[in-house]
Amino acid sequence: MKERLTVAMPKGRIFDEAVELLRKADYQLPPEFEDTRKLIIELEHEPLRFILSKPMDVPTYVEHGVADIGIAGKDVMMEEERDVYELLDLQISACHLAVAGLPNTEMSKVAPKIASKYPNIASQYFREQGEQVEIIKLNGSIELAPMIGLADRIVDIVSTGQTLRENGLVEYATIKKVTSRLIANPVSYRLHEREITDMVARLRNVLNVHA
Ligand code: PRP
């Protein structure tokens with residue numbers, strides 16, 4: 001009898017691609033998986049339980065061991081630095097972290113302000129550039145900040161670039177390419193090594209990558 005694994009799934013932009021990938025790897029996710037408001041979903045024919053969480057919280061559930069494994073963006077992993085194993089680059093939800101702002105503008109000479117939902121990534125980036133900045137933490141719609149005079153620049157995810165374009169903003173620098181990763185709790189990894197390595201193998205097969 002296989003052990004039931006708990007998988008933390010990020011709701012939002014990564015979710016649909018992650019579901020598609022799991023289905024390609026032959027996990028029998030029910031048709032209503034995408035539409036339900038349920039937060040815990042147990043599979044009937046697989047020893048798997050999914051918990052549906054905010055993307056930023058996935059590494060927290062995995063680090064605390066209430067989820068054995070999870071799917072998390074590299075952006076979230078960089079921001080949080082949790083004690084988890086990164087097992088596989090799932091090559092989904094490709095995007096990048098960028099510095100953006102209003103076109104043809106200089107940053108303020110004194111205490112430039114940077115708005116971001118990634119305060120750690122933003123402050124590390126500007127520290128490395130030798131710039132002293134003030135970080136303003138926001139939780140979403142980051143692009144508003146330069147438009148309404150809250151910040152000189154933002155640090156945010158750019159995927160299609162549509163949000164920047166439609167709001168008249170431009171990119172000033174790329175910080176890092178981002179894709180989603182399969183992560184595991186280190187203790188769970190030891191306890192459920194067989195089940196977890198089986199999942200990694202099935203996903204690798206779909207992704208056509210080899211160890
Ligand atoms: C993300 C990100 C940008 C947008 C980029 O926001 O913060 O706002 O998507 O995507 P694009 O380049 O394809 O336009 P998200 O939709 O996750 O919502 P949020 O504003 O609540 O963070």
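All values below come from the heavy atoms of this structure, side chains included, with hydrogens, waters and symmetry mates left out. Every number for a ligand or one of its atoms is a count from 1 in the order of the listing.
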| remark: For E143, the ligand 1 atoms with a heavy-atom partner under 4.0 Å come out as 3 (C), 8 (O)
| field | Per-atom contacts of ligand 1 with G140, taking only distances under 4.0 Å to non-hydrogen atoms | value | 19 (P), 20 (O), 21 (O), 22 (O)
| request: Determine whether any heavy atom of R165 lies closer than 4.0 Å to an atom of ligand 1. | output: no
| request: Look at atom NZ of K176 and say whether more than 12 heavy atoms of other residues, nucleotides or ligands are closer to it than 6.0 Å. | output: no
| request: Consider only side-chain N and O atoms of R165 and T163, and report whether a donor and an acceptor are under 3.5 Å apart. | output: no
| Tell me: protein heavy atom nearest atom 20 (O) of ligand 1, and distance? | S141 N, 2.8 Å
| message | Within the structure, is a non-hydrogen atom of G12 found at a distance of less than 4.0 Å from ligand 1? | response | no
| query | V158 heavy atoms, cut-off 4.0 Å: which ligand 1 atoms fall inside? | reply | 12 (O)
| message | Salt bridge or not between R23 and E34? Use side-chain N to carboxylate O under 4.0 Å. | response | yes
| note | If we number the atoms of ligand 1 from 1 as shown, the ones under 4.0 Å from a heavy atom of I157 are 2 (C), 3 (C), 5 (C)
| query | So is I142 in contact with ligand 1, going by heavy-atom distances below 4.0 Å? | reply | no
| Ion pair present between R202 and E195, side-chain N to carboxylate O less than 4.0 angstrom? | no
| Distance-only side-chain donor-acceptor flag, N120 / E79, under 3.5 Å | yes
| query | For atom 22 (O) of ligand 1, what's the nearest protein heavy atom and its distance? | reply | K117 NZ, 2.1 Å
| request: Run down the list R13, E171, H96 and name the one with the heavy atom closest to atom 15 (P) of ligand 1. | output: R13
| field | Which of the ligand 1 atoms, numbered from 1, are nearer than 4.0 Å to a heavy atom of T160 | value | 11 (P), 12 (O), 13 (O), 14 (O)
| message | Does ligand 1 come near enough to T163 that some N or O of the ligand is less than 3.5 Å from an N or O of the residue? | response | yes
| message | Please list, in number order, the atoms of ligand 1 under 4.0 Å from a heavy atom of G161. | response | 11 (P), 12 (O), 13 (O)
| note | If you scan protein heavy atoms around atom 2 (C) of ligand 1, the nearest is D156 OD2, 3.3 Å
| Taking NZ, NE, NH1 and NH2 as the nitrogens, is one of them in R4 or E42 under 4.0 Å from a carboxylate oxygen of the other? | yes
| task | Would you kindly say whether S93 and R13 are connected by a side-chain donor-acceptor distance under 3.5 Å? | result | no
| message | I'd like to know if K74 and E86 make a salt bridge, using a cut-off of under 4.0 Å between side-chain N and carboxylate O. | response | yes
| Is the shortest side-chain N to carboxylate O distance from K113 to D152 below 4.0 Å? | no
| Between L164 and ligand 1, is there a nitrogen or oxygen pair with a distance under 3.5 Å? | no
| Can you tell me if CD on Q132 sees more than 12 non-hydrogen neighbours from other groups inside 6.0 Å? | no
